[in-house]
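Right, one structure below, let's go through it.
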Amino acid sequence: MSRHRALIIGCGRMGAGRDHVSRWVYTHPAAYRVLADRVEIVGMVDRVLARAEWAAGQWNVPYYGDNVAAALEELRPDIVSICTPPSDRFEIIKACD
């Protein structure tokens, strides 16, 4: 079975578990870890560089700061988890097209 490549955009609580204290909340990377035989996290993007660096370190993947276009071009993901505030999503969705 082939593994799908997942890019996570937005490295806050839901995107990467940053600053989250509950072990019961599933984040996107935690869900992908459960699906490790089918999904591989390949990168992280966040407009706050410290969050992107932190998430990349937690999940041992590269980070792209806020450069969505570069991440999409270089990583060529099959899945893009957009874990940003709703106001930011439209431009990200357009970039994924």
Side-chain angles (χ1 to χ4, degrees):
M1 177 184 305
S2 65
R3 288 172 62 188
H4 299 286
R5 299 168 53 79
L7 171 65
I8 297 175
I9 301 174
C11 299
R13 280 189 260 174
M14 291 312 296
R18 184 173 170 86
D19 302 325
H20 220 290
V21 295
S22 172
R23 67 185 179 100
W24 300 109
V25 176
Y26 248 16
T27 62
H28 288 253
Y32 292 146
R33 179 177 277 169
V34 171
L35 300 169
D37 62 325
R38 292 175 269 173
V39 180
E40 171 190 13
I41 301 169
V42 294
M44 299 284 189
V45 173
D46 197 289
R47 66 180 170 206
V48 178
L49 187 57
R51 286 195 307 225
E53 289 175 334
W54 179 87
Q58 293 296 305
W59 302 100
N60 196 31
V61 295
Y63 64 91
Y64 290 81
D66 67 350
N67 197 337
V68 173
L72 291 169
E73 184 176 326
E74 290 178 28
L75 299 174
R76 313 209 35 85
D78 303 302
I79 301 167
V80 178
S81 288
I82 302 174
C83 307
T84 64
S87 60
D88 298 338
R89 294 180 189 158
F90 181 71
E91 292 301 319
I92 295 168
I93 291 168
K94 285 189 344 185
C96 292
D97 185 22

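- The shortest heavy-atom contact between R5 and R76 is NE-O, 3.8 Å.
- A search for salt bridge (Lys or Arg N to Asp or Glu O under 4.0 Å) contacts involving E53 returns nothing, not counting sequence neighbours.
- The side-chain contact (heavy atoms from CB on, under 4.5 Å) test applied to A71 returns L7, V45, Y64, L75, not counting sequence neighbours.
- With sequence neighbours excluded, the residues satisfying side-chain contact (heavy atoms from CB on, under 4.5 Å) with D66 are R47.
- With rounding to the nearest 0.5 Å, the separation of OH in Y63 from CZ in R51 is 14.5 Å.
- With sequence neighbours left out, the side-chain contact (heavy atoms from CB on, under 4.5 Å) criterion links A95 to V68, L72.
- I8 and L35 fall within the same hydrophobic cluster, where Ile, Leu, Val, Met, Phe, Trp and Tyr residues are linked whenever their side-chain heavy atoms come under 4.5 Å apart, directly or through other members.
- Nearest heavy-atom pair, G15 versus P29, reported as atom, atom and distance to 0.1 Å: O-CD, 2.9 Å.
- Taking CG of D88 as the reference point, atom CD1 of I9 lies at 10.5 Å (rounded to 0.5 Å).
- Heavy atoms from other residues, nucleotides or ligands lying under 6.0 Å from CZ of R33 number 12 at most.
- Summarising the geometry of A30 relative to W59, their closest heavy-atom pair is N-CH2, 3.9 Å, with the distance given to 0.1 Å.
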Please table the atom pairs, donor to acceptor, closer than 3.5 Å between any side-chain atom in residues 79-86 and protein atoms at least two apart or in another chain.
{"from": "S81", "atom 1": "OG", "to": "H28", "atom 2": "ND1", "distance (Å)": "3.2"}
{"from": "S81", "atom 1": "OG", "to": "Y32", "atom 2": "OH", "distance (Å)": "2.5"}

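- V61 and V34 sit in two unconnected hydrophobic clusters of ILVMFWY residues. Membership requires side-chain heavy atoms under 4.5 Å apart, directly or through other members.
- D46 places a side-chain N or O within donor-acceptor distance of the main-chain N or O of C11, the cut-off being under 3.5 Å.
- Scanning both residues, H4 and D78, for their nearest heavy atoms gives CA-OD2, 3.4 Å.
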